[in-house]
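Notes follow once the structure below has been shown.
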Amino acid sequence: MKIRLSGLSNGSSRCYDVMVNARVERLSLHEIDDFREMVWGCHRKQRRDLPWRNTFDPYRILVSELMLQQTQVERVMDKYGPFVDRFPTVEALAQASLEDVLGAWQGLGYNRRALSLARLARIVTDRYCGRLPEEVEDLTGLPGIGKATAGAIRAFAFQKPSLFIETNIRRVFIHHFFSAGEDVHDREIVPLVEQTLDLSNPREWYYALMDYGSILKKEIINPNRRSAHYTRQSPFEKSDRRIRGLLLRALLSKPSFTADEICSLVDEDVLRVARIVDALVREGFVKESGGVYAIARTV
């Protein structure tokens, strides 16, 4: 295993890499120390000051994690503060109408996350007396929370040394430990995440990894393209997601629409629009009564 130190290109804020040119599962203590020193050094110079990092409130961290799924930090920054101001506790969110929750969510996209968050708030209020559970099994049993999100919540809200991978973390490990690798699978990365994890401060360590991954994204060709999990997203303008968003925004703007009015909202094939509307009804976003459609009041 050959270790090579190489600098990033941004001058005084330069950080150094530990490059391991092989697929490995076990690192030496020296390699672990070098990697941690590099990551912590970058973090001290370029730590991002994000509002959800200034709290240990599990509910607020939960909101930020669901908002950040598949969404850029800059967009979340605009929506996070107003959302938690409007729904300051999990109980407040549980009591809100779906219409209010979706209205506050507009601009973030992927509205299923808002629906999941509203449903989750009711479950946590009823089943856990308003306290977000700490265990992975309990967290992943809630709407919208997979293993990665559960791991992030455990680390950030409860300072638990859990294991998880997200896009920035994946970018860091592929860049440093799979410099010549292709189709790198997460199962190859997880042992390295585990070995390098700072057990004394997992919360800040994961923040450091994410910040460094964000730096790499701006400095080099995206290492995540060499991940086995990498897929190019289809163009938004041609996607069902765009039509779903348009329809939901329209339904939030007035009490109800007839089927014909809904189909006239977007310049798309009527059968395609009808299929998407049917999906919105099945998923619980929209209710239909006598051919009239409206946003569902409850989840």
Report the C-alpha distance between Asp78 and Glu74 in whole Å, list the side-chain angles of each, state the deciding distance to 0.1 Å, and finish with yes or no for side-chain contact (heavy atoms from CB on, under 4.5 Å). CA-CA 7 Å; Asp78 291 337; Glu74 292 75 16; over 6 Å; no
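- Here CG of Asp34 is found 12.5 Å from OG1 of Thr196. Values are rounded to the nearest 0.5 Å.
- What you find for Tyr230 and Asn224 is that their closest heavy atoms are CB-O, 3.1 Å.
- Hydrophobic clustering (ILVMFWY, side-chain heavy atoms < 4.5 Å, transitive): Phe56 and Leu50 are in distinct clusters.
- Residue Arg122 holds its CZ atom at 12.0 Å from CG of Leu117, rounded to the nearest 0.5 Å.
- Both tests pass for Arg241 against the ring of Tyr110: distance under 6.0 Å to the centre and angle within 45° of the axis.
- Criterion: ILVMFWY side-chain heavy atoms under 4.5 Å apart, direct or through other members. Under it, Ile123 and Ile61 are not part of a common hydrophobic cluster.
- Taken together through direct or relayed side-chain contacts under 4.5 Å among Ile, Leu, Val, Met, Phe, Trp and Tyr, Trp52 and Trp205 form parts of separate hydrophobic clusters.
- The local environment of CD in Glu268 is crowded, with over 12 non-hydrogen atoms from other residues, nucleotides or ligands closer than 6.0 Å.
- Here the shortest heavy-atom pairing between Pro51 and Met77 reads CD-SD, 3.3 Å.
- Because its NZ or CZ atom is not both nearer than 6.0 Å to the ring centre of Phe178 and within 45° of the ring axis, Arg226 does not count as a cation-pi partner of that residue.
- Considering only heavy atoms from C-beta on, Phe35 comes within 4.5 Å of Phe173 through its side chain.
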Could you walk me through whether Asp49 and Asn54 pass side-chain contact (heavy atoms from CB on, under 4.5 Å), step by step? CA-CA 8 Å; Asp49 184 18; Asn54 299 320; 3.4 Å; yes
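- Looking at heavy atoms from C-beta onward, Ile153 lies out of side-chain contact with Pro58 at the 4.5 angstrom threshold.
- Side-chain atoms of Arg171 come within 3.5 Å of backbone atoms of Gly213 as a donor-acceptor pair (strictly under, hydrogens ignored).
- Considering Arg244, Gln106, Arg249, Glu283 as possible partners of Asn111, the one that fulfils the side chain to side chain donor-acceptor pair (under 3.5 Å) test is Gln106.
- The heavy-atom pair separating Ser227 from Ile174 by the smallest distance is CB-CD1, 3.7 Å.
- A single hydrophobic cluster is not seen to contain both Met210 and Met67; linkage of ILVMFWY side chains at heavy-atom distances under 4.5 Å, directly or through other members, places them apart.
- Side-chain contact between Glu65 and Phe156: present, with at least one pair of heavy atoms (C-beta onward) separated by less than 4.5 Å.
- Tyr206 and Phe164 have tilted rings, their planes meeting at an angle from 30° to 60° on a 0 to 90° scale.
- A pairwise comparison of heavy atoms in Arg75 and Gly109 identifies NH2-N, 3.9 Å as the closest pair.
- Looking only at side-chain heavy atoms (C-beta outward), Asn168 and Leu216 stay at 4.5 Å or farther from each other.
- Summarising the geometry, atom CZ belonging to Arg48 is positioned 8.5 Å from atom CD1 belonging to Ile215; distances are rounded to the nearest 0.5 Å.
- Under the side chain to side chain contact (heavy atoms under 4.5 Å, CB included) criterion, Val190 pairs with Leu163, Ile165, not counting sequence neighbours.
- With rounding to the nearest 0.5 Å, the separation of CD1 in Ile32 from CG in Leu197 is 10.5 Å.
- Here the rule is side chain to side chain contact (heavy atoms under 4.5 Å, CB included) with Ile221, and of Arg225, Lys217, Glu219 only Arg225 fits it.
- Between Arg60 and Tyr80, some side-chain heavy-atom pair lies under the 4.5 Å cut-off.
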Identify each donor-acceptor pair in which a side-chain atom of residues 125-147 lies under 3.5 Å from a protein atom, sequence neighbours left out, and give them as a table.
from: Thr125; atom 1: OG1; to: Ala121; atom 2: O; distance (Å): 2.8
from: Thr140; atom 1: OG1; to: Val136; atom 2: O; distance (Å): 2.8
from: Thr140; atom 1: OG1; to: Glu137; atom 2: O; distance (Å): 3.4

Derivation of the side-chain contact (heavy atoms from CB on, under 4.5 Å) call for Leu27 and Phe177: CA-CA 10 Å; Leu27 302 174; Phe177 300 111; 4.0 Å; yes
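- The closest side-chain heavy-atom distance from Ile189 to Arg170 is below 4.5 Å.
- Across Ser162 and Gly151, no two heavy atoms sit closer than the pair OG-O, 2.7 Å.
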Would you please test Leu62 and Val90 for side-chain contact (heavy atoms from CB on, under 4.5 Å) and show each step? CA-CA 10 Å; Leu62 164 73; Val90 70; 5.6 Å; no
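- Atom OG1 in Thr298 sits 12.0 Å away from atom CD in Glu99 (nearest 0.5 Å).
- With a 4.5 Å cut-off on side-chain heavy atoms, Ile169 and Glu166 count as touching.
- For His175 and Tyr212, the ring centers sit 6.0 Å or farther from each other.
- Side-chain heavy-atom separations under 4.5 angstrom define the hydrophobic clusters, and the remaining members of the one that includes Val286 are Leu98, Leu102, Leu115, Ile243, Leu246, Leu247, Leu248, Leu251, Leu252, Phe257, Ile262, Leu265, Val266, Val273, Ile276, Val277, Leu280, Val281, Phe285, Tyr293, Ile295, Val299.
- Enclosure of atom NZ in Lys254 by more than 12 non-hydrogen atoms of other residues, nucleotides or ligands within 6.0 angstrom is indicated.
- Closest heavy-atom contact between Arg86 and Ala104: NH1-CB, 4.1 Å.
- Criterion: ILVMFWY side-chain heavy atoms under 4.5 Å apart, direct or through other members. Under it, Val39 and Leu199 are part of a common hydrophobic cluster.
- Residue Asp211 is tested with Arg53, Lys45, Arg47 for a salt bridge (charged side-chain N to carboxylate O under 4.0 Å, His left out); the sole match is Arg53.
- Side-chain contact check for Leu209 versus His43: every heavy-atom pair is 4.5 Å or farther apart.
- To the nearest 0.5 Å, atom CG of residue Asp198 and atom CD of residue Glu204 are 10.0 Å apart.
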